[in-house]
S.K.: 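I'd like to ask you about the structure that follows.
First the proteins, then the strands, lettered A, B, ... as listed; each starts at 1. Predicted model, so just to flag it, every value in this text is computed and none were measured.
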2 protein chains.
Amino acid sequence: MAPTPRQLAREHTMREIVRIGRAQLATVGPADLSLRAVARELGVVSSAVYRYVSSRDELLTLLIVDAYDELGDAVDAALADAPDGPRDRLLAAARAVRTWGLRAPSSYALLYGTPVPGYAAPADLTTQPGTRVVLALVGIMVAASEAGGLRPPQREVPNGVRADMERIRAEFGLELPAGALATGFQLWSGLFGLVSFDVFDQWGPGTLTDRDGFFDYQVGLLGDLVGLA
Amino acid sequence: MAPTPRQLAREHTMREIVRIGRAQLATVGPADLSLRAVARELGVVSSAVYRYVSSRDELLTLLIVDAYDELGDAVDAALADAPDGPRDRLLAAARAVRTWGLRAPSSYALLYGTPVPGYAAPADLTTQPGTRVVLALVGIMVAASEAGGLRPPQREVPNGVRADMERIRAEFGLELPAGALATGFQLWSGLFGLVSFDVFDQWGPGTLTDRDGFFDYQVGLLGDLVGLA
DNA sequence: AGATTGCAAGAGCAGTGCTCACTTTTGTGT
DNA sequence: ACACAAAAGTGAGCACTGCTCTTGCAATCT
């Protein structure tokens, strides 16, 4: 059945709300995102937006999903253009994350900063898009492993951790030994630790002058850590 | 000159405000911290607290400094009780950071989460206490280095990064080669990446069952990365 | 055409940060 | 001991927020 004009209008308004919300985020930061401001921008009285979005938190959820998509797309695009070597691919993906974060700090904060107070993003909506980046990272490792370019980690994996890794490996169908998968988690949190420090300016002021070079170097270290050739 | 009663009262009130603010943080999260609520708790009308704190942001700054102190103390205390080996000391420090973060997520968020919108914490007040933890981490590396228990990193340090490292080495009087210092930064952001993922529940739900063991293992990997014996 | 459904408006509530004119308290210098 | 000035506290008020509820209007379906 063809969508009725009303449905079309509704979807359009929905997209407008998300678009305006994202635009607001570019200037104010997640905590200050105002539904009333969105309503004003939309040219409508404040209570009207509640027809579309049941609360501010729900708008935030929409924006979180939107941001995850954008970030995932950015990484995928970077990987599509990247050369074949695992190190080049890792660097491309990492740079994409950092570039996106620096370009849209508030959106980045929405995903990897302080969770909004007393509000847990509905896992069913946000978990899946949130895994795209880490799956891309692990994908690089899997490819390297299959090509014989992945040094197995020295450190022994304790049993509790090993059990978790085995389960995850099965769940996602990853052709990766438990030890390597465990280092993959380090790659994940390590990368976002780096980007967060950069986006949130957590290295002291004036500590680093060559931040681009510094980032690339640190990503190289992460590559060493996971045993890329 | 002896402090006048008024100064004493003022200092006491100041401490009370910080104490109440910290208590609020335990329940609401940085963005929802309310000066009016602090005033109520203090048993005073809302405008009165402006005699002590010029704005909500200034209160946040006070709380940031307070949190840095607390975290620094926690790490120092853990290191004081830790055995001699660098790996044990690293683990002790890392666990202290994590434990503190899990116990006071909002305070942790204040330091390592999204910076409060449009408000840059005055560097002169927050930078110094913010360096305590990283200095402790680097201190572990220096001690290991002097004891001959620090493998030099393989990866070559590019010139721009090397220059920054040399400058920082001089500024803080660190007896550490530039390459090792660079890996120290990875240790820094890597540790806080791990803790942030843990405190903010960024590993998906149900992904990890043995989070304590996982953390210890990952810290071990970070130890490998910086070349601890 | 008439009934139903969806959308928007506007008033209103409780809360926020912050300012300002004012009163009360308090410490001190004469 | 008393007056005076500085500091502390008050309460009203402004502009803003999220959110609810009732009301009027318009498009859609039967």
Side-chain angles (χ1 to χ4, degrees), chain A residues 1-18 20-21 23-25 27-64 106 110 115-121, chain B residues 1-18 20-21 23-25 27-64 106 110 115-121:
Chain A
M1 39 187 152
T4 74
R6 233 180 203 160
Q7 283 176 322
L8 287 179
R10 191 177 178 80
E11 279 168 25
H12 176 256
T13 306
M14 268 314 232
R15 274 194 302 274
E16 273 297 287
I17 289 175
V18 170
I20 294 169
Q24 297 271 340
L25 271 192
T27 64
V28 294
D32 279 5
L33 187 131
S34 155
L35 252 172
R36 286 183 118 112
V38 171
R40 273 193 300 274
E41 186 91 7
L42 194 63
V44 100
V45 92
S46 76
S47 59
V49 310
Y50 285 88
R51 296 269 165 196
Y52 298 90
V53 150
S54 71
S55 72
R56 202 188 84 116
D57 283 354
E58 189 170 310
L59 174 57
L60 282 176
T61 304
L62 290 178
L63 291 172
I64 287 174
S106 295
L110 208 52
V116 181
Y119 148 76
Chain B
M1 40 188 152
T4 74
R6 227 173 206 164
Q7 284 175 323
L8 288 178
R10 192 177 176 79
E11 281 168 23
H12 176 257
T13 305
M14 269 314 232
R15 275 194 302 272
E16 274 296 287
I17 289 176
V18 171
I20 294 170
Q24 298 268 342
L25 269 193
T27 64
V28 294
D32 278 6
L33 188 130
S34 155
L35 251 173
R36 287 182 117 111
V38 171
R40 274 194 299 273
E41 187 92 6
L42 194 63
V44 100
V45 92
S46 76
S47 58
V49 310
Y50 286 87
R51 298 272 174 207
Y52 299 89
V53 150
S54 71
S55 71
R56 201 187 85 116
D57 283 353
E58 189 170 311
L59 175 57
L60 282 175
T61 304
L62 291 178
L63 291 171
I64 286 175
S106 295
L110 209 50
V116 180
Y119 147 75

S.K.: Pick base, sugar-phosphate or nothing for B:Y52, based on heavy-atom distances below 4.0 Å to the nucleic acid.
M.R.: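 If one applies the 4.0 Å heavy-atom cut-off, B:Y52 turns out to touch the sugar-phosphate alone, with no base involved.
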S.K.: To the nearest Å, give me how far apart CG (A:D57) and C1' (D:dC19) are.
M.R.: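 The distance from CG of A:D57 to C1' of D:dC19 comes to 12 Å, rounded to the nearest Å.
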S.K.: Test side-chain contact (heavy atoms from CB on, under 4.5 Å) on B:V38 and B:V53; report intermediate values, then the result.
M.R.: CA-CA 11 Å; B:V38 171; B:V53 150; over 6 Å; no
S.K.: Identify the two heavy atoms, one from A:A31 and one from B:A31, that lie closest to each other, and give their separation to 0.1 Å.
M.R.: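 Minimum heavy-atom separation between A:A31 and B:A31: CB-CB, 3.7 Å.
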S.K.: Is A:S46 reaching over with its side chain to a backbone N or O of A:R36, donor-acceptor style, under 3.5 angstrom?
M.R.: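 No, because the side chain of A:S46 does not come within donor-acceptor range (under 3.5 Å) of the backbone of A:R36.
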S.K.: Is there side-chain contact between A:L63 and A:L33, with heavy atoms separated by less than 4.5 Å?
M.R.: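 Yes, at least one pair of side-chain atoms sits under 4.5 Å.
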S.K.: Taking N or O atoms only and anything under 3.5 Å, show me the protein contacts with nucleotides 14-17 of chain D, one pair per line.
M.R.:
from   : atom 1 : to    : atom 2 : distance (Å)
D:dT17 : OP1    : A:S34 : OG     : 3.2
D:dT17 : OP1    : A:R40 : NH2    : 3.2
D:dT17 : OP2    : A:R40 : NH1    : 3.3

S.K.: Rounded off to whole Å, could you give me the CD-to-C1' distance for the A:E16 and C:dC7 pair?
M.R.: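 These atoms are roughly 17 Å apart.
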S.K.: Quick one: closest heavy-atom pair of A:A39 and A:V45, and the distance?
M.R.: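 For A:A39 and A:V45, the tightest heavy-atom pair comes out as CB-O, 4.0 Å.
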S.K.: Report the C-alpha distance between B:T13 and B:L42 in whole Å, list the side-chain angles of each, state the deciding distance to 0.1 Å, and finish with yes or no for side-chain contact (heavy atoms from CB on, under 4.5 Å).
M.R.: CA-CA 9 Å; B:T13 305; B:L42 194 63; 4.2 Å; yes
S.K.: In whole angstroms, how far is the P atom of C:dT26 from the NE2 atom of B:H12?
M.R.: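 Going from NE2 in B:H12 over to P in C:dT26 covers 15 Å.
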S.K.: Is the side chain of A:S54 donor-acceptor paired with the backbone N or O of A:Y50 at a distance under 3.5 Å, no angle test?
M.R.: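 No, because the side chain of A:S54 does not come within donor-acceptor range (under 3.5 Å) of the backbone of A:Y50.
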S.K.: Taking N and O atoms by type only, does the side chain of B:S47 place a donor or acceptor under 3.5 Å from a partner on the base of D:dG11?
M.R.: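 Looking at the base of D:dG11, it does pair with a donor or acceptor on the side chain of B:S47 (distance under 3.5 Å).
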S.K.: With heavy atoms under 4.0 Å as the rule, sort B:T13 into base, sugar-phosphate or nothing.
M.R.: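 Result for B:T13 = nothing.
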S.K.: Find the distance A:L8:CG to D:dA27:P and express it as a whole number of Å.
M.R.: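 Atom CG in A:L8 sits about 16 Å away from atom P in D:dA27.
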S.K.: Using a cutoff of under 3.5 Å, can you pull out all pairs of nitrogen or oxygen atoms linking the protein to nucleotides 4-6 of chain C, with atom names and distances?
M.R.:
from  : atom 1 : to   : atom 2 : distance (Å)
C:dG6 : O4'    : A:R6 : NH1    : 3.4

S.K.: Using a heavy-atom cut-off of under 4.0 Å over every strand shown, decide if A:S55 touches base, sugar-phosphate, or nothing.
M.R.: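 If one applies the 4.0 Å heavy-atom cut-off, A:S55 turns out to touch the sugar-phosphate alone, with no base involved.
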S.K.: What are the two closest heavy atoms between A:R56 and A:D32, and how far apart are they?
M.R.: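 In this case the closest contact between A:R56 and A:D32 is NH1-C, 4.4 Å.
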S.K.: Categorize A:V44 for me: base, sugar-phosphate, or nothing, with a 4.0 angstrom heavy-atom threshold over every strand shown.
M.R.: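 Touches sugar-phosphate only.
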S.K.: Just the rounded figure in Å: distance from P of D:dA8 to CG of B:L42.
M.R.: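 Taking CG of B:L42 and P of D:dA8, I get 13 Å after rounding.
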S.K.: In a check of side-chain contact (heavy atoms from CB on, under 4.5 Å) between A:L25 and each of A:L110, A:I20, A:L60, which one passes?
M.R.: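 Of all the options given, the one that passes is A:L110.
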